[in-house]
Amino acid sequence: MCFAYDSLPPDLPADLGLPPLGGGAAAELIELESADGTRFSAALARTPGGSDLGVVILPDVRGLYRFYTELAERFAQAGHDAIAIDYFGRTAGTGERDEDFDYWPHVMETRVELVQADAAAAAAALRERAGVQRVAVVGFCFGGTQAFLAAANPDLGLDRVVGFYGSLENSRTGLPSPADWAPRMHGPVLGLFGGADEHILPEHVADFDQALTGAGVEHELVTYRGAPHSFFDRRYAEHADACADAWRRVLGFFA
């Protein structure tokens, strides 16, 4: 399982000297249209000063809910227009997902090419509405794997990709192993993993690292010792240092 419904993204590190959340960073729930005509929900957060690089956020299996709406706001606070998308417009309609949403049947109906089509629509919205010049994708768990796979699609025009604890094997949701797609990937790629993750083992990370190196893909894979799956959560005070380091790495990667 990824984040609990009441999880929240960790605060940005205080030493970055960023302005407090607010001043136009509040996310707006919008609807976008994918290439196949599907309407789907997204949360768009604008940074007051505008940004060169915008962020498309790919959530975990729950789709669009409070965690990712606030995460978009955090990226806007850090100076990047951001948009978090929902995966389930085709099977569950639009709107944010509540705690009672039975997501697994809808997850099993997703397809990589359709998620990428929705990501493309979100990237286009960032370019059109926010005027960004570059687009990055950041994904978590199920979305982390989707982010790695998106690095293999040149048509998305991604500047860079970040995956938080995305599965690196063929998963029960039907996603292929990112290592198998490494020869098709375009970097840079940043992967962030928990050392105590029971499902993403050190050898999985090592195999992905080797595959990316063999394919000549610029990348960095970071494992936080003792951190569990979904460690990027404000509730985990014992992993606050890992969360702060992850924030710094992601924002530095964007710079």
Side-chain angles (χ1 to χ4, degrees), residues 2-3 6-28 43-60 65-85 122-123 126-127 129-141 143-144 147 158-166 187-195 218-255:
C2 207
F3 295 116
D6 61 353
S7 296
L8 290 171
D11 292 327
L12 291 157
D15 59 10
L16 294 181
L18 296 168
L21 190 63
E28 173 191 5
L44 173 65
R46 298 289 307 278
T47 186
S51 59
D52 173 62
L53 183 142
V55 183
V56 174
I57 300 169
L58 303 181
D60 62 74
Y65 64 103
R66 180 183 175 187
F67 184 98
Y68 295 102
T69 298
E70 183 169 323
L71 184 64
E73 294 171 349
R74 294 292 171 187
F75 275 115
Q77 181 186 5
H80 298 286
D81 294 297
I83 188 166
I85 70 170
L126 282 173
R127 294 184 176 105
R129 302 187 187 204
V132 303
Q133 300 301 308
R134 300 181 294 139
V135 174
V137 163
V138 181
F140 293 79
C141 189
L158 299 178
D159 187 77
R160 55 203 60 223
V161 164
V162 180
F164 277 79
Y165 29 80
V189 172
L190 173 63
L192 303 168
F193 304 93
E218 182 183 349
H219 68 282
E220 181 180 17
L221 305 181
V222 180
T223 298
Y224 294 100
R225 183 177 180 180
H229 189 76
S230 300
F231 68 85
F232 196 70
D233 186 336
R234 198 181 306 171
R235 300 177 305 162
Y236 288 147
E238 67 272 32
H239 302 300
D241 288 345
C243 292
D245 186 76
W247 263 128
R248 293 188 188 96
R249 287 181 185 273
V250 171
L251 296 177
F253 187 59
F254 289 170

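Here the structure is a predicted model, which is why all the values come from computation and not from measurement. Heavy atoms only: backbone and side chains are in, while hydrogens, waters and symmetry mates are out.
Of all heavy-atom pairs between G194 and T223, the closest is C-CG2, 4.0 Å. Contact between W247 and P10 at its shortest, heavy atoms only, is NE1-O, 2.9 Å. Taking every heavy atom of both residues into account, A72 and A45 meet most closely at O-CB, 3.4 Å. The heavy-atom pair separating A43 from T69 by the smallest distance is CB-OG1, 3.9 Å. Listed here is the closest heavy atom pair of L53 and A136: CD2-CB, 3.9 Å.
At least one donor-acceptor pair closer than 3.5 Å links the side chain of D81 to the backbone N or O of T47. In terms of modelled atom types and a separation under 3.5 Å, the side chain of H80 and the main chain of F75 share no donor-acceptor contact. Listed for the R46 side chain is a donor-acceptor partner under 3.5 Å among the backbone atoms of R129. Between the Q133 side chain and the G131 main chain, a donor and an acceptor come within less than 3.5 Å of each other. Using a distance-only test at 3.5 Å, with no hydrogens or angles considered, a donor-acceptor pair links the side chain of R234 to the main chain of P9. A donor-acceptor pair is defined here as one N or O able to donate and one able to accept, closer than 3.5 Å; such a pair exists between the side chain of R160 and the backbone of F253.
Separation of atoms CZ (F254) and OG (S51) is listed at 10.5 Å; rounding is to 0.5 Å. Rounded to the nearest 0.5 angstrom, L71 CG and E73 CD are separated by 9.5 Å. Atoms OH and CG, from Y165 and D60 in turn, are 8.0 Å apart once rounded to the nearest 0.5 Å. Atom CZ of R74 is separated from atom CG of D11 by 4.5 Å, given to the nearest 0.5 angstrom. With rounding to the nearest 0.5 Å, the separation of CG in L8 from CG in D233 is 7.5 Å. Taken to the nearest 0.5 Å, the CG atom of L16 stands 9.5 Å off from the CD atom of Q77.
Side-chain atoms of I85 and L58, non-hydrogen and from C-beta on, do get closer than 4.5 Å to each other. Two residues are said to be in side-chain contact when any heavy atoms from C-beta on lie closer than 4.5 Å; L126 and L44 meet this criterion. Using a 4.5 Å heavy-atom cutoff, the side chains of V162 and R249 are not in contact.
Within 6.0 Å of atom CG in D52, more than 12 heavy atoms from other residues, nucleotides or ligands are found, so the atom counts as buried in its surroundings.
Remark: of the listed residues Y224, F232, F193, F232 is the sole one forming a ring-ring contact (aromatic ring centres under 6.0 Å, His included) with F164.
Relative ring orientation between Y68 and Y65 is described as perpendicular, the plane-to-plane angle rising above 60° on a 0-90° scale split at 30° and 60°.
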